[in-house]
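These numbers come from a predicted model, not from an experiment. Order of the sequence lines fixes the chain letters, A, B, ..., with proteins taken first and strands second; residue numbering starts at 1 for each chain.
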There are 2 protein chains.
Amino acid sequence: MDGRHARGAHTRRVTLARAVDIATVDGLEGLTLGRLAAELQLSKSGIFAHFGSKEELQLATISFAEEVFTEHVLRPAFQAPRGKPRLLTLFERWMDFSRARVFAGGCFFSTVMAEFDAREGKVRDVVVRWRTTWSELLTRLIEEAVEEGHLTPGIDVSQLVFELTAFGRAANHDSLLTRDDSHYDRALTALRARLGESD
Amino acid sequence: MDGRHARGAHTRRVTLARAVDIATVDGLEGLTLGRLAAELQLSKSGIFAHFGSKEELQLATISFAEEVFTEHVLRPAFQAPRGKPRLLTLFERWMDFSRARVFAGGCFFSTVMAEFDAREGKVRDVVVRWRTTWSELLTRLIEEAVEEGHLTPGIDVSQLVFELTAFGRAANHDSLLTRDDSHYDRALTALRARLGESD
DNA sequence: TCACTATCTGACCGATCGTTCGTATAACTT
DNA sequence: AAGTTATACGAACGATCGGTCAGATAGTGA
């Protein structure tokens, strides 16, 4: 199962696991090769060799975060029944994911979206692409909920996507700032109210 | 009218004006003395002398942003009638402030709160304090709207504070990421719906 | 005009940044 | 066992970081 390059792949993953923790706390710019090397007890050049540039390290870190997020949030959501249950599960998982501090600084994408929203470059572009993916996913789940008869047909889907996402991101940042978990409950309360109390 | 230290005070304000623009784009950590000096055509040590340390520069930048935000958003809001109109005006002004890019990277506090939410130190503490101030202000305005009979007495004020703030921050980041102004309208739509369509 | 003080500069400090390169060490292939 | 490749290291690079300091310059009050 190791493949031919098992050792390198393992180091890479260990490195990226540390990288997402650093990035969620100090940002993808605060993520430096020297610090990564020191914390992992590896050489700076050794880590550098795995990625080729700082920017590639940042992009690899985003990919890794995406993987973990998919595993913890997206995949479980798709095991819930189509429609409103799936939508609710997605947000419950997202909030649990942030609350559990799977990454040291909470939700990776909330952090990175805020960090790069006003900048230029490849990293920003990838972050924007992720935002699009997320919005499209949410749009689909909401439309399915309408199809299933769980939501009113006339509903403004884009508006709903905006609001629900706003709740989740706010819960993440507020809980980190105030060190008070209750904001996650606030987000879920807001979400359920917005989707209608029924069910 | 110059007072005794007019020249220094002027340089200080020009420096801070540039600092908030840099900070809203690249964060308060991305704000460096060298860059500030280069853009302002001043010497690094000259700028440094005004603040004494990088951290003091960051704190001064926050104070400056607070001033400008107060002038553009808070003060106008208090000229609107007590109750729901004041609440609505506050958010309209906030959204206009971000949309107009008074600071190059949009809302200063949305950016900085996301940047420092998972860190430690004086800067974080000041940011948290600002968040508290904002929450208390919003709480007061909502309570006044209840007193004026503009909102239902039984309403969950903290919950409302959370949701309304979430809309504003999301609009700021989404508009920056997508370069699409419409998110501000989304936020105001969500806000009005949440406060009740009437009036 | 003169003295004083506020303001700003330029050279420099040690530390760290991302990056390059030659080389050593491990691991796998044959 | 030998040969080959993957992996990691250590020393060094120019640039930049925050910070220090002695001295030049400018503005003020007497």
Side-chain angles (χ1 to χ4, degrees), chain A residues 1-19 22-23 25-62 64 115-116 119-124 126, chain B residues 1-20 22-23 25-62 64 112 115-116 119-124 126:
Chain A
M1 69 225 58
D2 313 340
R4 263 195 301 288
H5 312 297
R7 197 160 74 107
H10 175 255
T11 305
R12 214 185 123 98
R13 287 191 73 81
V14 170
T15 303
L16 289 175
R18 181 66 67 135
I22 295 175
V25 174
D26 290 320
L28 274 174
E29 290 298 337
L31 172 66
T32 69
L33 291 161
R35 182 175 168 193
L36 211 40
E39 294 190 14
L40 294 168
Q41 312 218 63
L42 294 174
S43 71
K44 208 167 62 158
S45 53
I47 290 181
F48 182 86
H50 275 281
F51 304 99
S53 74
K54 163 105 186 240
E55 193 174 60
E56 284 303 317
L57 167 65
Q58 292 175 320
L59 296 174
T61 304
I62 294 177
F64 184 83
E115 187 180 5
F116 285 89
R119 302 191 198 185
E120 306 284 341
K122 268 192 196 171
V123 175
R124 179 210 144 87
V126 169
Chain B
M1 73 221 54
D2 313 341
R4 264 195 302 288
H5 312 299
R7 196 158 74 106
H10 175 254
T11 305
R12 213 185 125 98
R13 285 191 75 79
V14 170
T15 302
L16 290 174
R18 180 68 67 137
V20 285
I22 295 175
V25 173
D26 291 320
L28 273 173
E29 290 299 337
L31 173 65
T32 70
L33 291 163
R35 183 176 169 189
L36 211 40
E39 293 190 13
L40 294 168
Q41 312 218 60
L42 293 174
S43 70
K44 206 168 66 160
S45 53
I47 290 180
F48 181 86
H50 276 281
F51 305 99
S53 73
K54 162 103 185 243
E55 192 175 60
E56 284 302 319
L57 167 64
Q58 292 175 320
L59 296 173
T61 303
I62 294 176
F64 183 83
V112 165
E115 186 180 4
F116 285 88
R119 303 190 197 186
E120 306 284 339
K122 269 192 195 171
V123 175
R124 179 210 144 88
V126 169

Supply the atom-to-atom distance A:Lys122 NZ to A:Ile62 CD1, rounded to the nearest 0.5 angstrom. 12.0 Å
Whole angstrom is fine here: how far is it from [atom1] in [X] over to [atom2] in [N]?
{"X": "B:His10", "N": "C:dC8", "atom1": "NE2", "atom2": "C1'", "value": "15 Å"}
{"X": "A:Arg35", "N": "C:dA15", "atom1": "CZ", "atom2": "C1'", "value": "16 Å"}
{"X": "B:Leu40", "N": "C:dT7", "atom1": "CG", "atom2": "C1'", "value": "15 Å"}
{"X": "B:Leu31", "N": "D:dG18", "atom1": "CG", "atom2": "C1'", "value": "12 Å"}
{"X": "B:Leu33", "N": "C:dC12", "atom1": "CG", "atom2": "C1'", "value": "16 Å"}
{"X": "A:Asp26", "N": "D:dC17", "atom1": "CG", "atom2": "C1'", "value": "16 Å"}
{"X": "B:Leu36", "N": "D:dG19", "atom1": "CG", "atom2": "P", "value": "13 Å"}

Could you check whether any side-chain N or O of B:Glu115 sits under 3.5 Å from a backbone N or O of B:Glu29, counting only pairs where one atom can act as donor and the other as acceptor? yes
Near DNA chain C, which residues from residues 45-59 of chain B have a heavy atom under 4.0 Å away? B:Ser45, B:Gly46, B:His50
Name the closest nucleotide to the A:Lys44 side chain, picking from D:dA8, C:dC17, D:dC17. C:dC17
If you check every side-chain atom of B:Thr11, which of C:dC17, D:dC9, C:dT7 has the closest atom? C:dT7
Min side-chain heavy-atom separation [X]-[Y] under 4.5 Å:
{"X": "A:Leu42", "Y": "A:Thr11", "answer": "yes"}
{"X": "A:Leu59", "Y": "A:Val123", "answer": "yes"}
{"X": "B:Thr61", "Y": "B:Phe51", "answer": "no"}

Quick one: closest heavy-atom pair of A:Leu28 and A:Ala23, and the distance? CD2-CB, 3.8 Å
Side-chain N,O (B:Thr32) to OP1/OP2 (D:dC17) below 4.0 Å: yes
